[in-house]
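Step one of this worksheet: look at the structure below.
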Amino acid sequence: MSAPAPPSAGAFPSPPGGFAPAPPPSTRRNAELLLLGFATLITTVSLFLVEASQEQSITLDIAKYGLAFLALFGIAHLAVRRFAPFADPLLLPIVALLNGLGLILIHRLDLGAAQNAEFNSDPVPSPDANQQILWTALGMMVFVTLLIVLRDYRTLARYSYTLGLIGLVALMIPALLPSAYSETNGSKIWIRLPGFSVQPGEFAKILLIIFFASVLVAKRDLFTTAGRHMLGMEFPRGRDLGPILAVWVVCIAVLVFEKDLGTSLLIFSTVLVMLYIATERVGWLIIGGSLLVIGFVFAYQSFSHVRVRTNTWLDPFADYHNTGYQISQSLFGLATGGLAGTGLGSGRPNQVPFANTDFIVTTIGEELGLIGLTAVLILFLMLVMRGLRTAIAVRDSFGKLLAAGLSFTIAVQLFVVVGGVTKLIPLTGLTTPFMSYGGSSLLANYALLALLIKVSDAARAPAPVRKKDPAPIADAQTELLRRSEARPQE
């Protein structure tokens, strides 16, 4: 008996019963839930440690912060599981831990402020930790609302010019208002009304990132047109410098009329990096860096507040009791913390002005030391890297620039904040994302996180399977049937 003929080349015999269906792609939502539980545990235990270090009576009243924290991020997790099931599982837990650490430090500063008030026979101020929980809840509402309403982030590109105009107007409104309604600590960056205040620049930066991402995609040919070759690099043509010059003028106007060095530096740096990502030309970075230096020299020569901040940065102890007091106290606090820190609740961070907003990094360095501060910076680094990884993985150009811009603005803001409190660069007045006390910053950053999660969901989602269209009858191949397979004759 002859052996059966081997299968033809390329043929793969089906197993009995056919092939098993492919397993569904993993969403890693359970891993996200586990990490959120870990962040909640760290937050709750640390709050009890702060109470113990301050020799407070340990009661279950402090557990309200932990329960509120667990409920808020449990709702956020359910929203991500339902409306962004393929999103990066590390983004939300990292933010939860950063927010929790900020809540711990704010509560610790509340205890210190209460002790100082009792020692000086002053009325005890209301705790800021309660307000921070409220602002976190409002930020979570913004986060969940964006996840539900924004089905496809690419629809934002259709309204990019409108969003850009709204962002520009929001950025300029404080400069037009009287100082009584907009100025705080020398900077006109607020809109203050009875019972309501907001810092519009926090939201304007997100709207402007959406606008520039859309424009760079739509006008990419304009920015990639061949220009001059100098020193082995390709520079853009002079006629194509209009957009970057316009951004530079806007940032100079913010610096002049609002005295806000941080926001102007943040917006210009973010747009410059997005322009480099879109064109891959080092020439844009050189031109942008030159404009940055020119703008700083112009501001230093023209405006007294820029000179004061620069001179304070160069020698903060020259006017210790006046302009140099903040940065000097910050340096003393960081030196007190040393390598391992004084321990939660064992330092004296209340001696630093604005310790729960602009200088919360100093509070970290004093009570957790260089080790704790490094751990916090690593958390931010992981957040930025996961955002940039999303930008690489997403399939459309608008999503790439949007995710890269949102991630880089967090990195720049962190660099400016840490550089300011450590005397690496002049102080700017920016807050640490997700950690500092304040409503505008939390609301804007949770909106930023929602956009990043939507882009991440699109990047990690499996590509839709397209059904192959049947070939036209004219292009169909003919088949030769054997006589035994042919239809029997009647």
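This structure is a prediction, so every number in the text was calculated from the model and none was measured. What's counted below: heavy atoms across the whole structure, side chains too, no hydrogens, waters or symmetry copies.
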query = Given L216 and M274, is the side-chain contact (heavy atoms from CB on, under 4.5 Å) satisfied, shown in steps?
reply = CA-CA 8 Å; L216 289 174; M274 292 175 66; 3.9 Å; yes
Do [X] and [Y] come within less than 4.5 Å of each other through their side chains, counting heavy atoms only?
X	Y	result
T409	K205	yes
L101	M435	yes
F296	T310	yes
K423	P316	yes
L34	N30	no
S269	L265	yes

inquiry  = Other residues, nucleotides and ligands only: do more than 12 of their heavy atoms fall within 6.0 Å of CZ on R389?
reply    = no
Residue Y320 excluded, over 12 heavy atoms near OH under 6.0 Å = yes
request  = Decide if the gap between the ring center of F434 and the ring center of F380 is smaller than 6.0 angstrom.
outcome  = no
key: R386 side chain vs L91 backbone, donor-acceptor pair below 3.5 Å   = no
request  = Ignoring hydrogens and angles, tell me if any N or O in the side chain of W248 forms a donor-acceptor pair with the backbone of L291 under 3.5 Å.
outcome  = yes
I need the [X] [atom1] to [Y] [atom2] distance, nearest 0.5 Å.
X	Y	atom1	atom2	result
Q413	T263	CD	OG1	8.0 Å
L176	I191	CG	CD1	10.0 Å
L103	Q132	CG	CD	6.5 Å
L97	I104	CG	CD1	8.0 Å

Test side-chain hydrogen bond (donor to acceptor under 3.5 Å, both in side chains) applied to Y65 and T44, N130, T43, the passing residue = N130
task = Give me the one residue out of N445, L451, I453 that meets side chain to side chain contact (heavy atoms under 4.5 Å, CB included) with L449.
result = I453
message = Once you measure the plane-to-plane angle for F73 and F69, does it fall in the parallel (<30°), tilted (30-60°) or perpendicular (>60°) bin?
response = tilted
inquiry  = Tell me whether the rings of F143 and Y446 are parallel (<30°), tilted (30 to 60°) or perpendicular (>60°).
reply    = perpendicular
task = List the steps, then state whether side-chain contact (heavy atoms from CB on, under 4.5 Å) holds for D358 with L430.
result = CA-CA 6 Å; D358 298 358; L430 289 178; over 6 Å; no
message = Do H107 and E51 pair up side chain to side chain, a donor and an acceptor below 3.5 Å, judged on atom types alone?
response = yes
Flag for T431-S436: side-chain donor and acceptor within less than 3.5 Å = no
inquiry  = Could you go through V80 and R29, starting from their C-alpha distance and side-chain angles, then the distance that decides it, and tell me whether this counts as side-chain contact (heavy atoms from CB on, under 4.5 Å)?
reply    = CA-CA 8 Å; V80 173; R29 299 275 68 84; 3.9 Å; yes
task = Could you pull out the closest heavy-atom pair between G167 and A204, with the gap in Å?
result = O-CB, 3.3 Å
request  = Check step by step if side-chain hydrogen bond (donor to acceptor under 3.5 Å, both in side chains) holds for D128 and N356.
outcome  = CA-CA 9 Å; D128 291 332; N356 60 350; 3.1 Å; yes
